[in-house]
Number of protein chains: 2
Amino acid sequence: MPSDAPNLDPVELGAYFALIETGSLLRHAVEQQLQDAGGLSYVQFQLLATLGDAPAGSLRMTDLADGLVYSRSGLTYQAQTLEKRGLITRAPSPDDERTVQVALTTEGREVLTRVFPGHIAVVRELLLAPLSRPDVETLGGTLGRVRDHMRQTPPRSAAPRRR
Amino acid sequence: MPSDAPNLDPVELGAYFALIETGSLLRHAVEQQLQDAGGLSYVQFQLLATLGDAPAGSLRMTDLADGLVYSRSGLTYQAQTLEKRGLITRAPSPDDERTVQVALTTEGREVLTRVFPGHIAVVRELLLAPLSRPDVETLGGTLGRVRDHMRQTPPRSAAPRRR
DNA sequence: TATTGTTATACTCTATAACTATA
DNA sequence: TATAGTTATAGAGTATAACAATA
């Protein structure tokens with residue numbers, strides 16, 4: 001257990017708290033906007049946006065779940081919700097009959113289009129407004145490095161428990 | 001509605017996504033640790049930690065809610081949970097009988113103490129490990145500025161709705 | 001009348017485990 | 001046997017509105 005110094009110094013603590021708080025506030029604000037503009041939760045927006053970016057316009061459930069930190073049952077729940085609203089379709093794949101291909105409908109794409117400008121506006125006003133261009137570049141670089149590191153790091157909290 | 005450019009360029013988008021993702025991953029990891037080590041949600045930890053930092057060791061419900069983005073009923077819910085577990089006490093204030101003074105119990109302080117080392121370890125391993133000292137300083141400075149800006153900005157999503 | 005806090009209630013989301021069907 | 005996905009179910013958290021009590 002390599003825990004050298006027991007405590008965080010004020011600078012470290014400051015960076016930690018600032019990250020948690022800005023992340024929360026930004027996400028909360030974006031969530032509000034998505035809800036108001038399109039009745040979407042953030043996760044639902046992410047699912048639609050991921051589908052929108054998909055080359056074929058369709059993905060398997062498992063592919064959709066990847067990166068969105070999801071239990072499969074949670075994804076099924078959201079997919080059902082989005083399908084009921086007519087924003088996506090689900091169909092069994094011809095290749096592998098176990099898998100389900102998920103695709104954006106025209107209406108789904110419309111919702112995405114409708115929601116996007118406001119989404120961007122919130123990010124601009126809340127996150128980018130107080131920053132200079134070099135600030136944004138440095139921030140993206142630093143947090144990008146942190147993100148890559150976090151992705152590599154095994155979700156250590158899960159390991160010691162089951163299995 | 002000053003939305004100059006409709007889209008975010010790659011650098012802006014990168015900073016935005018990196019912030020959302022690192023914030024989520026870090027919070028998720030910390031939440032896991034808090035749950036495993038002390039059966040606490042992040043919000044519960046924040047409540048206990050806020051009480052722990054309070055000069056008198058006790059705060060009014062309203063003071064507790066401030067900054068933790070809470071509906072009052074949500075705070076009541078968490079306070080009930082924490083009180084049942086014996087981590088806090090609630091008592092009517094002698095001064096103003098409408099208010100409730102919340103205080104950390106000895107056991108509450110113990111849980112906080114028990115949970116803290118692991119909490120710090122997670123922050124170190126996930127956030128601080130891949131960063132140099134200047135990185136951390138710059139990151140804290142930049143995000144601190146963003147946080148201050150976000151706090152000032154009225155929760156615009158709430159304004160247009162009710163009263 | 002305004003403020004503090006609770007209650008009732010409903011809804012969203014998440015997670016686990018059991019289950020079905022295909023490979 | 002392993003993989004893809006669904007279902008059942010339960011639990012945590014959140015929000016709104018109505019309410020009671022005090023200032």
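Letters go in sequence order (proteins before strands), and every chain restarts at 1.
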According to ring-ring contact (aromatic ring centres under 6.0 Å, His included), does anything in residues 85-130 of chain B pair up with another residue at least two apart or in another chain? List the pairs. Tyr16(A)-His119(B), Phe45(B)-His119(B), Phe116(B)-His119(B)
How long is the straight-line distance from OG1 of Thr22(B) back to CZ of Arg145(A), given to the nearest 0.5 Å? 12.5 Å
Can you tell which of dT22(D), dT4(C), dT16(C) lies closest to the side chain of Glu97(B)? dT22(D)
What is the distance, rounded to the nearest whole Å, between atom CZ of Arg85(A) and atom P of dT12(C)? 11 Å
Identified side-chain contact (heavy atoms from CB on, under 4.5 Å) partner of Leu40(A) from the options Gln35(A), Glu31(A), Arg85(A), Gln46(A): Arg85(A)
Using heavy atoms and a sub-4.0 Å distance, could you list which residues of residues 72-84 of chain B are near DNA chain D? By number, please. Ser73(B), Tyr77(B), Gln78(B)
In whole Å, I'd like the distance from the CG atom of Leu59(A) to the C1' atom of dG5(D). 16 Å
Whole-Å distance between dT3(D) P and Asp95(A) CG? 19 Å
Assess whether a salt bridge exists between Arg133(B) and Glu137(B), defined as any Lys/Arg side-chain N lying under 4.0 Å from an Asp/Glu carboxylate O. yes
Could you give the CG-to-C1' distance, from Asp96(B) to dA21(D), as a whole number of Å? 11 Å
Before giving the answer on side chain to side chain contact (heavy atoms under 4.5 Å, CB included), spell out for Leu128(B) and Leu8(A) the whole-Å C-alpha distance, their side-chain angles and the decisive distance to 0.1 Å. CA-CA 10 Å; Leu128(B) 300 175; Leu8(A) 302 176; 3.8 Å; yes
Short question: side chain of Arg114(B), backbone of Ala37(B) - any donor-acceptor pair under 3.5 Å? yes
Between Leu51(A) and the options Val102(A), Leu87(A), Asp63(A), Thr105(A), the side-chain contact (heavy atoms from CB on, under 4.5 Å) test singles out Val102(A)
Out of dA2(D), dG5(D), dG13(D), which nucleotide sits closest to the side chain of Gln44(B)? dG13(D)
Which nucleotide wins on minimum distance to the side chain of Ser71(A), given the candidates dG5(C), dA23(C), dA15(C)? dA15(C)
Tell me the interatomic distance from Ile88(B), atom CD1, to dG5(C), atom P, rounded to whole angstroms. 12 Å
How close or far is atom P of dT14(C) from atom CD of Gln46(A), stated in whole angstroms? 10 Å
Rounded off to whole Å, could you give me the CG-to-C1' distance for the Leu47(A) and dT12(C) pair? 15 Å
In whole angstroms, how far is the C1' atom of dA21(D) from the CE atom of Met61(B)? 15 Å
